[in-house]
Amino acid sequence: MNDTPTPTRLLIADDNAATRAATIALLESSGRQAAIWEAADGEAAVQLAENIQPDVILMDVQMPKLDGIRATRRIKACWPTIKVIVLTMYVTYQAAALAAGADAFLLKGGSADGLITAVFQ
């Protein structure tokens with residue numbers, strides 16, 4: 001029997017490459033196992049959601065081509081078991097994110113432990 005935990009399949013959707021890199025570094029420093037994909041816009045996030053069926057998506061709101069609220073709505077309509085965590089700098093998007101089906105809403109710059117817990121719980 002293999003006691004190695006299955007890695008969490010994680011998609012990070014954010015148009016800022018530095019933010020994606022910092023988020024990946026933070027999550028990797030947690031010691032938890034994750035297979036990570038990246039999307040730089042909402043359309044790519046929806047396409048990757050279809051192709052890889054991630055366990056969790058960290059979704060920014062303000063992105064080109066398709067914003068994170070509309071991408072969340074599409075993803076949750078097609079694949080409701082994918083956990084979508086909206087991660088943004090603006091609390092004003094909380095109601096819209098939750099109405100679109102987001103499973104959680106976190107602010108960038110918040111607790112690192114809170115983000116790690118939200119992704120891996």
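If you're wondering where the values come from, they're calculated on a predicted model, not measured in any experiment.
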Of all pairs that satisfy salt bridge (Lys or Arg N to Asp or Glu O under 4.0 Å), the ones with a partner from residues 24-34, not counting sequence neighbours: none
Closest heavy-atom pair and its distance - Ala45, Ala39: N-CB, 3.7 Å
Heavy-atom closest pair, residues Ala71 and Met59: CB-CE, 3.9 Å
Pair up each side-chain donor or acceptor in residues 87-102 with any protein partner under 3.5 Å, not counting sequence neighbours, and list the distances.
{"unit_1": "Thr88", "atom_1": "OG1", "unit_2": "Tyr90", "atom_2": "N", "d": "3.4"}
{"unit_1": "Tyr93", "atom_1": "OH", "unit_2": "Gln62", "atom_2": "NE2", "d": "3.0"}

Leu66 vs Arg74, side-chain contact (heavy atoms from CB on, under 4.5 Å): CA-CA, chis, key distance, verdict: CA-CA 10 Å; Leu66 182 67; Arg74 286 187 189 178; 3.6 Å; yes
Spacing of CG belonging to Leu48 relative to CD belonging to Glu43, to within rounding of 0.5 Å: 12.0 Å
Gap between atom CD1 of Ile75 and atom CD of Gln47 - 0.5 Å precision: 10.5 Å
Heavy-atom side-chain proximity of [X] to [Y] below 4.5 angstrom:
X	Y	answer
Val56	Ile82	no
Thr6	Gln33	no
Val86	Leu106	no

Validation: residues 109-121 side-chain donor-acceptor distances under 3.5 Å, sequence neighbours left out:
{"unit_1": "Ser111", "atom_1": "OG", "unit_2": "Asp113", "atom_2": "N", "d": "3.2"}
{"unit_1": "Ser111", "atom_1": "OG", "unit_2": "Gly114", "atom_2": "N", "d": "2.9"}
{"unit_1": "Thr117", "atom_1": "OG1", "unit_2": "Asp113", "atom_2": "O", "d": "2.9"}

Partner set under salt bridge (Lys or Arg N to Asp or Glu O under 4.0 Å) for Arg70, not counting sequence neighbours: Asp67
Partner residues of Lys76 under the side-chain hydrogen bond (donor to acceptor under 3.5 Å, both in side chains) criterion, sequence neighbours left out: Asp103
Partner residues of Gln53 under the side-chain hydrogen bond (donor to acceptor under 3.5 Å, both in side chains) criterion, sequence neighbours left out: none
With a cut-off of 3.5 Å and sequence neighbours excluded, list every side-chain donor-acceptor pair involving residues 9-24.
{"unit_1": "Arg9", "atom_1": "NE", "unit_2": "Ile52", "atom_2": "O", "d": "3.3"}
{"unit_1": "Arg9", "atom_1": "NH2", "unit_2": "Ile52", "atom_2": "O", "d": "2.4"}
{"unit_1": "Asp14", "atom_1": "OD1", "unit_2": "Asn16", "atom_2": "N", "d": "2.9"}
{"unit_1": "Asp14", "atom_1": "OD2", "unit_2": "Lys108", "atom_2": "NZ", "d": "2.7"}
{"unit_1": "Asn16", "atom_1": "OD1", "unit_2": "Ala18", "atom_2": "N", "d": "2.9"}
{"unit_1": "Asn16", "atom_1": "OD1", "unit_2": "Thr19", "atom_2": "N", "d": "2.9"}
{"unit_1": "Asn16", "atom_1": "OD1", "unit_2": "Thr19", "atom_2": "OG1", "d": "3.3"}
{"unit_1": "Arg20", "atom_1": "NE", "unit_2": "Glu38", "atom_2": "OE1", "d": "2.7"}
{"unit_1": "Arg20", "atom_1": "NH1", "unit_2": "Asp14", "atom_2": "O", "d": "2.6"}
{"unit_1": "Thr23", "atom_1": "OG1", "unit_2": "Thr19", "atom_2": "O", "d": "2.8"}

